[in-house]
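Data first, discussion second: the structure below is written as structure tokens.
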Amino acid sequence: MAQPKAAGELDAVGLETALLEAWKQENAFQTSVDSRSHGAPFIFLEGPPTANGKPGIHHVVARAYKDLVCRWKTMEGFQVKRKGGWDTHGLPVEIEVQKRMDLMSNEAIEAFGMDNFNKACRESVWTYETAWREMTERMAYWVDLDNPYVTLENNYVESCWWAIKQMFDKGLLYRGHKVLPYCPQTGTSYSSHEVALGYKEVEEPSVYVKFKLIDEDASILAWTTTPWTLPGNVGLAVGPEVTYVRARITEQAENWVGAGGAEVGETIILAKDLMKEVLRHKVEIIEEFQGKTLVGRAYEPLFPDAVPRNGSETAWTVLEADWVTTTDGTGVVHTAVMYGEDDYNLGMAAGLPAYHTVGMDGAFLSGTHPDLDGRYVKECDQTVIDLLSAAGGSNGKGPDSGLLYREKAYLHDYPHCWRTGHPLLYYAMDSWFVRMTAVKERLLEFNDGVEWAPDWVGEGRFGEWLRNVKDWAISRERYWGTPLPVWRSESGGMKCIGSIEELRAEVAKAVAAGIENPPCPEDVDLHRPIVDAFTLVDDGGKPMQRETFVMDCWFDSGCAPFAQWHHPFDGGETFDSSSPVDYICEGVDQTRGWFYTLLAVSTTVFDKPAYKRCLSLGLILDAEGKKMSKSKGNIVDPWDHFNREGADATRWYMVTAGAPWNPLKFDPNGVRETYGKMFLTLWNIYKFHADYAALDGFDPEATTSEVNERSSLDRWILSRLATTAKSYHADFVSWNFHKACRDLEEFVVNDLSNWYVRRSRRRLWDDAESKDKLACQHTLHEVLTTVCRLMAPVSPFMVDVIHRNLTGETVHLAAWPLGTPGELEGATADDWDEVAAAATANLPPHDTRLENSMAIVRELAEVGRRIRIDAGRRQRLPCAQGWIVAGPDLGEFYDILAEELNVEAIEVEKDLDRFQRIELAPNFRALAPKARANVNAVANEIKSSTDPTALLASIEAGTCEIMGVSIEMSDVELRRIERDGFAASTVQIGQGDEAIQISLVLDMNDTPELLSKGLARDITRRIQAKRKTLDLEIEATIDLEIWLKDAPELFADDQQWIVTETRAAAAVFHPPSEAPSGPSESFEVDGTTVWFTVA
RNA sequence: GCGCGGGUAGCUUAGUCGGUUAGAGCACCCGGCUGAUAACCGGGAGGCCGCAGGUUCAAGUCCUGCCUCGCGCACCA
């Protein structure tokens, strides 16, 4: 039923686009999943891309690896459902819209109307959906885009709310402060990811400030790069173990630059290590002591009215903090509670007053200082410096020299708003947190159970992150996102809403309590501002407003395992039976992103891991090794390659270019190379088989050919196929897809095309039916279908065309050649009966001896060419005799060898010494323990022996001793090398103990018969080339005329051979005296001139 | 600054437990082969294996330090 049709010329792009159409018609993806519906499930989870930018080549890479594993597992008989997904919330979407609509501040958005804005966001999300869908389809990433999960949909949001409520009920969700990078111009705090976009190197004034101790006439010196935080100072931190000094100024400084200074006799306290760097005055050290002795000492506030004490006993005293170092500054850290993370944490722990001196607009609050109130902090650096450097300092009660010791320009990277370019302020803000620190042990435990590829991402980078886990600041002061479903009353009453039903009930309750509310229908849209409008009541009957935050959009995607099914509102079974998922795969940049939030949500909500296997992909760089980014404009458009080399070559290139977790330098030339090398070769192999199969009406099912009756060449390629397939599979299992595919490519190009097909060509030319031809066709059929199946997960197009034509069935419904464990009774994605699985494999028999022998044959064929080049004997001139010296019996390959070497006869030379001499080389591994320090000297003795034969004899006799070391056979390696003066060459096959040296010797003597044959071959070759340039059909016949000059005799047999080979219907061989009268082709070979005409 | 991963030929890269002469592809040059393709074969040129030190009989491989690139964290007084 499956008689192959002839294959045409290759048009990769046409082939792929036509096949896409066929797949669509056949519903191929769904069919491939459904056909395994009885298989064990293998759960894949798609990490949702944000569809608010055009997809680039880096997206293709990630999708290629997702697809690869899913297709592979499907072929193994597992049922691999693949639901698509879209990440639709969050700042990237908002910013896209803000840019487009010129709404660059929160005020602008609110003036525009939050409902309008969110509507625009909702629409904006789908701007690039088509582009994504087209890319996804074109690259043949099989995923269900018709029923994706979408994070903005009500069902999805409702599941997120449910999850938040679980956290809330467990006490894992709390409201607190966090110091965040904040842009007063846009009124937005930024996530670390966004902050990273805006670092700029800037030079700013840094200041060394004297904090005057109350109970002593001395000052503690502290340093800051942000003078605007000084009015908020309420503490000084010292390292308890750090050594400090009390230093007295002994002399005025010379060449003082800038503001500040000190009087002779003033006492200054700072870290000993930093004294030289900081102090510009000559000083004497009065005392050295540890930081802890300073703790508790009180000092005078710099700006006495800026911050109220509010009963704090620790305010304006010295505190200890173990993170204080002496790498820069003075070893004393000025602490302004609200404007630094460390400061804030220290302030909370020590009970410092937590008051802002700066408003949300970035200006000093009124009451800070008359000269500062109401001014933008970044413009006040100089004013602060002036106030402090004035005699007595800002309050006039400091030392005569003022409170400023020095100012110094300081160059550093500082975060700036990547939208407005303004410097960001670290600012303590209200925020909601998930208490990740409470589940740290569980996170680590679950992570240990994950199979990471590569393992160091899990143990190293991700493990490190988890060991230092901090509470997750999960709220954002934004508009477009999953609203935080917590309502709060002024008295602190709180309620977390976990479903629409609950929301409606609470609204009803509030209405019943007399609070007006908008209607809350069953399909109420769970977005701002709609949900903001509901006022609920707390248990005491007090009105509660929603906390106006939205969730970090990473929280949304972290909920994907269950929210995609609308869990638990769908009944809960789907998630319960598909958790944790078996496989996820994303770029390594998701380590702290999705990989983390999946685990974080799963751990806090379900106390369970989220995934079992995680493939973490390396970054995609451009050909120069730079990260691909929109701003650099170096993004490669996947369509460039889809439309030129096709998706197959693009995908195969990506996988073979390096390990999946290594950064990939995407080189467009590499795709071209892959196309030419792998796919064109594969196609031509296929074409060779299919064309003759069609011509001969070959039907693999109607005929049979017993493998053990086939030629050794057939059995060899089948054995190579089995070997390659097994290592291919093993590499897949260990995530080494690159190795697997490189080896398979090597097999296809080298073994299959360059040897098997080349050697088999004549077998198929034969018009007559023969057992051998049938054997060859069955062999090609088996090898090609198996190669197609192996390649199908990586590059699904061409192999499907080939597989369909050869077998009548799509490769995507075919079984994995190494077995289908997923179909086994009781199998799971993690566990199956190995023996039963092996029985489902379908591979030809191994024959290691045959593989080894053929390796030698091929080596010898190459050696023959080398010998001829060295001896200056042309390839087509036959040699009478070739001798093989040593090596295993290659008798069954003599015909191949004779043809490859172009020799009349092959003989095995038993007398090794006739053509070979020996050399001895030391075996260091064996020799080193015996000879110890003398190993090199002993080795030299062995290497440089003038009579290796005699040396060998003495070693064999056990009487050899060099420098006191007795040498045995295991201490040396014996090498056989051709003797000088022969047209010969020696090769080594194999390594170590199994290595053998084989020499090939060619007889260089000419006879008239050989010269005639050689000439005939040269003439034939020229005529064949001519036939080709004339573009003749293979069956077409020609009329031939040949003239010769200075030629050896061309015997009748050889004339006839030329006639047969060139399909000459008529041939005239002119006598040596004649020369052509009309136009003709001519060439010269070894002094002979040949003219010929082809008609 | 801390952590992770790299640095091998002009480019892309392989290199196992430390072991003899560091292997391949692309590009380049020369030659060959081809009813066989953009393929293939032989040869050539091209390597301080990032630098320095150490361990060792022996280091691309192990150790230490440094330089450099990428990523992540912190950018912090």
Side-chain angles (χ1 to χ4, degrees), chain A residues 10 192 195-196 199 206 222-226 229 236-237 321 323-325 327-336 339-343 412-415 426 454 456-457 459-462 464-465 468 587-589 591-592 618-619 621 623 625-627 657-658 661-663 665 667 669-670 672-673 675-677 680-681 683-685 687-688 739 742 746 749-750 753-755 757-758 761 765 861-870 874-876 900 921-929 931-939 943 973 1020-1021 1023-1025 1027-1028 1032-1034 1061-1063:
Chain A
L10 178 59
S192 56
V195 173
Y199 274 101
S206 72
W223 181 61
T224 180
T225 57
T226 50
T229 62
L236 292 174
W323 42 263
V324 174
T325 61
T327 49
D328 49 16
T330 65
V332 181
V333 177
H334 138 69
T335 300
Y339 310 110
E341 193 177 347
D342 284 337
D343 306 43
H412 65 154
D413 283 334
Y414 193 84
Y426 283 88
W456 53 260
V457 168
E459 289 156 17
R461 183 179 286 197
F462 196 55
E464 194 59 32
W465 167 259
N468 298 317
V588 68
D589 51 328
T591 308
R592 263 85 167 183
L619 279 167
L621 312 171
K626 295 205 186 77
K627 189 175 176 174
W661 42 84
N662 281 341
K665 282 191 196 177
D667 181 7
N669 288 330
R672 188 101 191 130
E673 215 175 285
Y675 171 75
K677 199 170 173 183
L680 203 52
T681 304
W683 184 259
N684 281 307
I685 295 165
K687 184 168 147 51
F688 172 72
K739 279 191 186 159
R742 284 171 179 177
E746 185 67 18
V749 172
N750 201 22
S753 176
N754 286 332
W755 194 251
V757 170
R758 184 160 73 83
R761 224 160 254 286
W765 288 352
E862 285 179 16
V863 164
R865 281 179 218 126
R866 203 182 307 147
I867 294 171
R868 282 171 177 274
I869 286 166
D870 290 346
R874 68 184 209 272
Q875 221 61 246
R876 275 182 291 262
E900 288 289 325
N923 177 4
F924 282 88
R925 273 191 185 155
L927 212 50
R932 298 178 157 267
N934 287 332
V935 65
N936 281 325
V938 175
K943 257 192 279 191
E973 279 180 33
T1020 304
R1021 145 94 184 101
I1023 296 165
Q1024 303 289 37
R1027 283 184 62 114
K1028 201 177 175 187
L1032 294 180
E1033 293 294 318
I1034 290 177
E1061 284 291 308
T1062 61
R1063 286 183 176 261

(request) Indicate yes or no: at least one non-hydrogen side-chain atom of Thr226(A) is less than 4.5 angstrom from one of Tyr339(A). (result) no
(message) Restricting to salt bridge (charged side-chain N to carboxylate O under 4.0 Å, His left out), what partner residues turn up for Arg742(A), sequence neighbours left out?
(response) none
(message) Could you work out, with side chain to side chain contact (heavy atoms under 4.5 Å, CB included) as the rule, every residue matching Thr225(A), not counting sequence neighbours?
(response) Ser206(A), Trp223(A), Tyr410(A), His412(A)
(message) With rounding to the closest Å, how many angstrom separate the P atoms on G50(B) and G10(B)?
(response) 13 Å
(message) Can you check the distance between U8(B) and G3(B), where both ends of the measurement are the C1' atom (answer in whole Å)?
(response) 25 Å
(message) Counting only side-chain heavy atoms from C-beta out, which of C76(B), A77(B), C33(B) sits nearest to Gln875(A)?
(response) C33(B)
(message) What's Arg1021(A) touching, base or sugar-phosphate or nothing? Going by heavy atoms closer than 4.0 Å.
(response) base
(message) I'd like to check the ring-ring contact (aromatic ring centres under 6.0 Å, His included) partners of Phe462(A); sequence neighbours left out, ordered by chain and number.
(response) Trp452(A)
(message) List the residues meeting salt bridge (charged side-chain N to carboxylate O under 4.0 Å, His left out) with Glu341(A), not counting sequence neighbours, and say none if there are none.
(response) none
(request) Output yes when at least one side-chain N/O atom of Arg874(A) is less than 4.0 Å from OP1 or OP2 of G32(B), else no. (result) no
(request) Quickly work out the Arg742(A) CZ to U13(B) C1' distance and round it to whole Å. (result) 7 Å
(request) For Glu673(A), report the nucleic acid contact type (base, sugar-phosphate, nothing); a contact means any heavy atom under 4.0 Å. (result) sugar-phosphate
(message) List the residues meeting salt bridge (charged side-chain N to carboxylate O under 4.0 Å, His left out) with Arg868(A), not counting sequence neighbours, and say none if there are none.
(response) none
(message) Of the options C73(B), C26(B), C76(B), whose atoms approach the side-chain atoms of Thr225(A) most closely?
(response) C76(B)
(request) Extract the stems that RNA chain B is part of, considering only consecutive pairing runs of at least three Watson-Crick or G-U wobble pairs, both distances under 3.5 Å. (result) B:1-7 with B:67-73, B:10-13 with B:23-26, B:28-32 with B:40-44, B:50-54 with B:62-66
(message) Does the protein touch nucleotides 38-44 of chain B at the base, only the backbone, or not at all? Give it as B, S and - per nucleotide, heavy atoms under 4.0 Å.
(response) B-SSSS-
(message) Say we look at C62(B) and A45(B): how far apart would their P atoms be, to the nearest angstrom?
(response) 31 Å
(message) Taking the C1' atom in each of G18(B) and U55(B), what is the distance between them to the nearest angstrom?
(response) 11 Å
(request) Grab the OH-C1' distance between Tyr339(A) and C76(B) for me, whole Å please. (result) 17 Å
(request) Please measure how far the C1' atom in A9(B) lies from the corresponding atom in C28(B), and state the result in whole Å. (result) 13 Å
(message) In whole Å, I'd like the distance from the CD1 atom of Ile1023(A) to the P atom of U34(B).
(response) 13 Å
(request) Using a 4.5 Å cut-off on heavy atoms from C-beta on, say whether the side chain of Leu236(A) contacts that of Val333(A). (result) no
(message) What's the closest nucleotide to the side chain of Glu464(A) if the choices are C33(B), G3(B), C75(B)?
(response) G3(B)
(message) Can you tell me which nucleotide in C75(B), G3(B), G15(B) comes closest to the side chain of Lys739(A)?
(response) G15(B)
(request) Apply ring-ring contact (aromatic ring centres under 6.0 Å, His included) to Tyr426(A) and list each qualifying residue two or more places apart in sequence or on a separate chain. (result) none
(message) Suppose we screen for ring-ring contact (aromatic ring centres under 6.0 Å, His included). Which residues come up paired with Trp661(A), at least two apart in sequence or across chains?
(response) none
(message) What is the distance, to the nearest angstrom, from the CG atom on Asn662(A) to the P atom on G70(B)?
(response) 16 Å
(message) Between Tyr675(A) and Leu10(A), is there a side-chain heavy-atom distance shorter than 4.5 Å?
(response) yes
(message) In whole Å, measure the gap between the P atoms of G60(B) and C49(B) for me.
(response) 8 Å
(message) Side chain of Thr224(A), heavy atoms from C-beta onward: which of U34(B), A77(B), C76(B) has the nearest atom to it?
(response) A77(B)
What's touching nucleotides 56-61 of chain B from the protein side, N or O pairs under 3.5 Å?
from   : atom 1 : to        : atom 2 : distance (Å)
C57(B) : O2'    : Asn936(A) : ND2    : 2.5

(message) Quick check: closest heavy atoms across Ala336(A) and Thr229(A), and the distance to 0.1 Å?
(response) CB-O, 3.5 Å
(request) Return the value, rounded to whole Å, for the distance between atom CH2 of Trp223(A) and atom C1' of A77(B). (result) 7 Å
(message) So Pro454(A), base contact, sugar-phosphate only, or nothing? Heavy-atom distance under 4.0 Å.
(response) nothing
(message) Say we look at U56(B) and U64(B): how far apart would their C1' atoms be, to the nearest angstrom?
(response) 16 Å
(message) Glu900(A): which residues meet the salt bridge (charged side-chain N to carboxylate O under 4.0 Å, His left out) condition with it, sequence neighbours left out?
(response) Arg758(A), Arg759(A), Arg865(A)
(request) Go through the structure and list residues passing side chain to side chain contact (heavy atoms under 4.5 Å, CB included) with Asn754(A), not counting sequence neighbours. (result) Val749(A), Asn750(A)
(message) Say we look at G23(B) and U37(B): how far apart would their C1' atoms be, to the nearest angstrom?
(response) 26 Å
